[in-house]
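Take a look at the structure below.
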Amino acid sequence: MRVLIVGSGGREHALAWKIAQSPRVTKVFCAPGNGGTRLVAENVPVADTDVAGLAEFAVRGKIDLTVVGPEVPLSLGLADEFDKRSLAVFGPSRKAAELESSKIFAKEFMARRRIPTGRFRVAESADRARAILRSGEFGYPVVVKADGLAAGKGVIICKTPEEAAAAVSAIMVERQFGEAGRRLLIEEFLRGQEVSFIVIADGAKALPLVTTMDHKTVFDGDEGPNTGGMGAISPSPFLTGPMFEDVMRTIILPAIAGLREEDRTYKGALYAGLMLTEAGPQVLEFNCRFGDPETQPQMLRLESDLAEILVAAVGGDVLANEVRWSDSPAACVILTSGGYPGTYEKGKVISGLEDVARTPGVMVFHAGTKFENGLCLSSGGRVLGVCASERTLQETMAKIYGAAAWIRFDGAHYRRDIGTARMGTLG
Ligand code: AMP
Ligand code: GLY
C-alpha cells in the first residue's frame with residue numbers, strides 16, 4: 001500500500017513514522033513534509049493547500065490512501081476532490097469540516113443537537129455585537145470569536161467591557177482576521193480544566209484514541225499567550241473513566257449521528273476541545289483533524305497498525321479491528337523558536353540531533369525544520385517535539401528533558417513543566 005500524508009508539522013511526522021511501520025505499507029510520501037518526515041517518507045514538493053496538485057500526485061503516484069493532517073486543505077475541499085476522483089482519503093468533506101472552519105456553524109449545530117456547550121449569541125454587525133454586550137446577558141470575562149479559521153488567533157477572552165469593545169473593533173471593523181470577521185460569536189466564559197478528546201470516525205461509529213492533554217500557553221505555569229501547543233501528555237490526568245463514557249455518549253456520538261443526519265457524514269479524526277466544568281464536560285470547539293502535539297504521544301502509545309485502522313475508517317468500519325495501546329504514559333515537549341508565538345527568526349542551525357538519535361527510548365518528531373547542505377535548520381515557530389514513553393510519567397519526563405538539553409539552536413525555548421499538572425492544580 002502506498003500512502004500520502006498531507007502536511008508539514010510534528011503531527012504529520014508522527015503519523016508518517018507510525019504508518020511506515022505497517023507491514024501493509026510499501027511506501028510513504030509526505031507533502032510537503034519537513035526535515036524529519038524525510039527520514040521515514042519521501043517528501044513531495046506540493047503545498048498542503050494545493051488540492052488539485054495533491055490529487056494529481058495521488059493519481060500519478062498510485063496512492064492507495066491519503067491522510068490529511070491540517071484543517072486548511074479539508075476546508076478547501078480536499079476530501080471532496082479526492083472522492084470525486086475515487087481516491088481513498090482519510091479526512092472529512094468540506095461540509096463536514098465546517099465543524100472547525102465555522103465556529104458559528106459548530107455552535108448552532110451543538111445547540112440543535114443538544115450537545116453541551118457554553119451559551120452564545122451570533123452578531124452580524126459590530127453594532128449588533130455591541131448591543132448584545134451592553135444588554136448584560138453575558139458577565140465578564142466574556143469570549144469574543146471571529147467566525148473562521150484564524151490559525152487559533154481569532155479568539156479573544158475579554159475581562160472588561162472595554163476589552164470586549166476593542167475585540168469587536170479588531171475583528172469586525174479592522175478585520176484583523178480578514179473574512180473570518182464578517183460574523184462574530186459572543187460566548188459565555190467556561191471555567192474548568194481543558195482537555196483534548198480525539199476519536200477516529202468512520203461516518204457512523206467512533207474509535208476513541210487514548211486520552212491526552214495539551215499545554216497551550218508559551219511559558220511555565222500556564223503563563224503567557226496561547227500557542228498551537230507547547231507539549232502534550234497521554235493519558236490525561238483529568239479525564240476519568242466515567243467522564244470518558246460521558247463524553248462519548250453526550251458529545252462524540254451525538255455529533256457524528258447529527259452530522260450524518262444533516263448530510264455532512266463525518267469520516268476522519270474528530271477532535272473535541274473540552275472544558276471539564278462543574279456542570280460536566282462542555283465543548284469549547286471542534287477540530288476536524290488530529291491534534292498537534294497530542295498525536296505525538298498518542299502514536300508512541302499505539303501498538304496496533306495505524307494504516308489498518310485508517311483503511312477501516314475510510315471503508316466505514318473503524319471498529320473492525322481490535323486496537324491495542326501501551327499502558328505506559330507518553331509525552332512530548334515542543335522546542336520553539338525564540339519569540340514564538342509572536343515574531344521569530346528562522347534558519348537557525350540545529351545541533352545535537354545525532355546525539356539524541358543514539359539515546360534509546362527518545363523520539364524526536366520534527367515540525368518547523370528543513371535540511372540544507374547537510375544542516376538541519378529551523379523553519380517555523382514550533383521546531384521539534386522531543387518525545388518518550390517510559391513506565392511512569394516522571395521517568396518519561398526525565399528522559400525527555402535529558403534529551404532536550406542536548407539539542408541546541410539560537411533562541412530555542414521550551415517549557416520545563418510539561419507533565420507536572422496534577423488534578424486540581426490547574427484551571
Ligand atoms: P477555540 O479555538 O475556540 O478553542 O479557542 C481557543 C482557546 O480559547 C481554547 O483552547 C480555550 O483555552 C479558550 N476558550 C475558547 N472558548 C472559551 C470559552 N467559552 N470559555 C473559556 N475559554 C475559552
Ligand atoms: N494542540 C491543539 C490543536 O491541535 O489544535
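Note that this is a predicted model, so its numbers are computed, not measured. Counting convention: from 1, in listed order, for ligands and their atoms alike.
Ranking protein heavy atoms by distance to atom 5 (O) of ligand 2, first place goes to R289 NH2, 2.8 Å.
The side-chain tip of R382 does not point at the ring of Y340 from less than 6.0 angstrom away and within 45° of straight on. Both cation-pi conditions hold for R264 and F105: the charged atom is under 6.0 angstrom from the six-membered ring centre and inside a 45 degree cone around its axis. The cationic group of R416 lies under 6.0 Å from the six-membered ring centre of Y414 and within 45° of the ring axis, placing it in a cation-pi geometry.
Applying the 4.0 Å criterion to heavy atoms of N287 picks out, from ligand 2, the atoms 5 (O). Numbered from 1 in the order shown, with element, the atoms of ligand 1 that lie under 4.0 Å from a heavy atom of K216 read 10 (O). Numbered from 1 in the order shown, with element, the atoms of ligand 1 that lie under 4.0 Å from a heavy atom of E194 read 9 (C), 10 (O), 11 (C), 12 (O). Against a heavy-atom cut-off of under 4.0 Å, E294 is close to the following atoms of ligand 2: 1 (N), 2 (C), 4 (O). Proximity to G228 (heavy-atom distance under 4.0 Å) selects the following atoms of ligand 2: 1 (N), 2 (C). With ligand atoms numbered from 1 in the order given, ligand 1 contributes 16 (N), 17 (C), 18 (C), 19 (N), 20 (N) to contacts under 4.0 Å with heavy atoms of V143. Residue contact check: G291 has heavy atoms under 4.0 Å from atoms 4 (O) of ligand 2.
Between F189 and F138, the distance from one ring center to the other does not fall under 6.0 angstrom. Centroid-to-centroid, the aromatic rings of F29 and F57 come within less than 6.0 Å.
Residue contacts with ligand 1 do not include R191, since none of its heavy atoms lies under 4.0 Å from the ligand. For the pair P293 and ligand 2, a heavy-atom separation below 4.0 Å is found.
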**OP:** Apply the test salt bridge (Lys or Arg N to Asp or Glu O under 4.0 Å) to residues R289 and E100: give CA-CA distance (whole Å), side-chain angles for both, the deciding distance (0.1 Å), then the verdict.
**Re:** CA-CA 9 Å; R289 50 175 177 75; E100 175 168 4; 3.5 Å; yes

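Test E188, E137, E187 against R121 for salt bridge (charged side-chain N to carboxylate O under 4.0 Å, His left out) and you get one pass: E137.
Below 3.5 Å of separation, one finds an N or O of D214 facing an N or O of ligand 2. Looking at L190 next to ligand 1, an N or O pair under 3.5 Å apart turns up. When only interatomic distances are considered, the shortest N/O to N/O separation between D292 and ligand 2 falls below 3.5 Å.
The closest donor-acceptor contact from the side chain of R260 to the backbone of G203 lies under 3.5 Å.
With a heavy-atom cut-off of 4.0 Å, R11 does not touch ligand 2 at all.
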